[in-house]
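Step one of this worksheet: look at the structure below.
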Amino acid sequence: MSVRRFSDFFAMKRVTLYLILLIVLLYVLDQVSKWYIVFHYQLPTPFHLDVTPVITGSSILNFNIVRLHNTGVAFGMGNGTVWAPFFFLGVQIVALVVLTVLYRRNFFYNGLLKVAWACIMAGVFGNMTDRLTQGFFLPGAESKSFLTNLISGYVVDFLDFSFPWLPTEAFPGGYHWPSFNVADSCVCIAAGLFLIASFMTPPDKKAAEKKDEPADGAGAEA
């Protein structure tokens, strides 16, 4: 192995280590925040929702901490349906496999894409952990079967925002953004980074453009 390849090998391992640390950090932040909500906020019911106002009375933005159980995905899609726990858990597993394969094939070729990859991995891991574990901590779970508790899993959402300046037919007092969590935020940040990276020139295209450039002095000789 040449000196250059040797240094490149350890540089890649160092980058991978940083990304793993980022994933772990975001995952821990997500899980700690969710378990804090589970242990300190009452179980949500159709008649009661435990809410802690943080920003109120503003004409621009209101913010609350709540405890909501979401068995679906973003914006509550599939929430409360029988098929949601199976389907979305399967989607998350497939997503982890696909993202890992793409990373190994260098699909995430620059630093921005690698950070986006780490964010989305942390987000998927965080919400998947909820689906696999939260059902076992519901009241009466000890008397139910393992499968029943597993399919009772849900994602803990607790960040709740509304915008009084944006009234809609459904929200005359101001648009209410669906509640979310740290893992959801990681996925949204990753989406934004992917969008930014889409405007960047891939390395193979840069190499081709550089190859097509005339050598210094070639035009003058002609």
Taking Asn64 for its side chain and Asp160 for its backbone only, find out whether a donor-acceptor pair lies under 3.5 Å.
-> no
Please answer whether the main-chain N or O of Phe158 pairs with a side-chain N or O of Asn181 as donor and acceptor at a distance below 3.5 Å.
-> no
Decide yes or no on side chain to side chain contact (heavy atoms under 4.5 Å, CB included) for Val101 and Arg105, but give the supporting numbers first.
-> CA-CA 6 Å; Val101 171; Arg105 293 185 178 181; 3.7 Å; yes
Inspect the surroundings of CD1 in Ile60 and state if more than 12 heavy atoms from other residues, nucleotides or ligands are less than 6.0 Å away.
-> no
Going by heavy atoms in the side chains, are Gln42 and Leu49 under 4.5 Å from each other?
-> no
Rounded to the nearest 0.5 Å, the CG atom of Leu150 sits from the CZ atom of Phe136 at a distance of 5.0 Å
Inter-residue atom distance Arg104.CZ - Thr16.OG1, 0.5 Å rounding = 10.0 Å
For Leu113 and Ala197, which heavy atoms make the closest approach, and how far apart are they?
-> CD2-CB, 3.4 Å
Heavy-atom closest pair, residues Ala122 and Ile23 | CB-O, 3.8 Å
Indicate the ring-plane relationship of Tyr154 and His69, choosing parallel, tilted or perpendicular according to the 30° and 60° boundaries.
-> parallel
Do Ser179 and Val66 touch side chain to side chain, with heavy atoms closer than 4.5 Å?
-> yes
For Pro172 and Pro167, work out which heavy atoms get closest and say how close.
-> O-CB, 3.4 Å
Measure from the side-chain N and O atoms of Gln31 to the backbone N and O of Gly126, and report whether any donor-acceptor pair falls under 3.5 Å.
-> yes
Side chain Asn149, main chain Ala141, donor-acceptor under 3.5 Å = yes
Side chain of Asn106, backbone of Tyr109: donor and acceptor closer than 3.5 Å?
-> no
Examine distances only and state if a side-chain atom of Trp117 and a backbone atom of Phe108 form a donor-acceptor pair shorter than 3.5 Å.
-> no
Is the shortest heavy-atom distance from the side chain of Val28 to the side chain of Val24 under 4.5 Å?
-> yes
Applying the 4.5 Å side-chain criterion to the ILVMFWY set and letting contacts propagate, would Leu26 and Leu193 be lumped into a single cluster?
-> yes
For Phe199, which fellow cluster members are found when Ile, Leu, Val, Met, Phe, Trp and Tyr are connected by side-chain heavy-atom distances below 4.5 angstrom, either directly or through intermediates?
-> Leu195
Over all heavy atoms of both residues, which pair between Ala116 and Ala190 is shortest? Give the atoms and the distance, please.
-> O-CB, 3.3 Å
Is any side-chain heavy atom of Leu112 closer than 4.5 Å to a side-chain heavy atom of Phe194?
-> no
Qualifying residues under side chain to side chain donor-acceptor pair (under 3.5 Å), relative to Glu142, sequence neighbours excluded | none
How long is the gap from NZ on Lys114 to CG on Leu22, to the nearest 0.5 Å?
-> 13.5 Å
Residues pairing under salt bridge (Lys or Arg N to Asp or Glu O under 4.0 Å) where one sits in residues 16-33, two or more places apart or in two chains, turn out to be Asp30-Lys34
Same hydrophobic cluster for Leu21 and Leu25, using side-chain heavy-atom links shorter than 4.5 Å among ILVMFWY?
-> no
Under 3.5 Å, side chain of Arg67 to main-chain N/O of Val38, donor-acceptor pair present?
-> yes
Should Leu159 and Leu166 be counted in the same cluster of Ile, Leu, Val, Met, Phe, Trp and Tyr side chains packed under 4.5 Å apart?
-> yes
Give the ring-plane orientation class for Tyr36 versus His40, where under 30° counts as parallel, over 60° as perpendicular and anything between as tilted.
-> parallel
Do Thr56 side-chain atoms and Pro53 backbone N/O form a donor-acceptor pair below 3.5 Å?
-> no
Under a 4.5 Å side-chain heavy-atom rule over Ile, Leu, Val, Met, Phe, Trp and Tyr, are Phe180 and Val51 clustered together?
-> no
Reported OG-to-CE distance for the pair Ser198 and Met200, which is rounded to 0.5 angstrom = 9.0 Å
Indicate yes or no: at least one non-hydrogen side-chain atom of Asp157 is less than 4.5 angstrom from one of Asp184.
-> yes
Begin from the C-alpha positions of Phe163 and His176 and carry the test side chain to side chain contact (heavy atoms under 4.5 Å, CB included) through to its verdict.
-> CA-CA 6 Å; Phe163 306 92; His176 185 270; over 6 Å; no
Close side-chain approach of Asn62 to Pro164, heavy-atom, < 4.5 Å | yes
Shortest non-hydrogen contact between Phe63 and Ile65, atoms and distance = CZ-CD1, 3.5 Å
List the steps, then state whether ring pair (Phe, Tyr, Trp, His ring centres under 6.0 Å) holds for Phe161 with Trp177.
-> CA-CA 6 Å; Phe161 289 89; Trp177 188 264; 9.0 Å; no
Are any side-chain N or O atoms of Thr148 and backbone N or O atoms of Lys144, one a donor and one an acceptor, separated by less than 3.5 Å?
-> no
Report yes or no: does Asp130 contribute a side-chain atom to a donor-acceptor pair with the main-chain N or O of Val156 at less than 3.5 Å?
-> yes
Does CZ in Phe107 sit with more than 12 non-hydrogen atoms of other residues, nucleotides or ligands closer than 6.0 Å?
-> no
Can Phe146 be reached from Leu132 by stepping across I, L, V, M, F, W or Y side chains whose heavy atoms are under 4.5 Å apart?
-> yes
Which atom of Tyr103 lies closest to which atom of Leu19, heavy atoms considered = OH-CD1, 3.5 Å
With a 4.5 Å heavy-atom cut-off, do Leu43 and Pro139 have their side chains touching?
-> yes
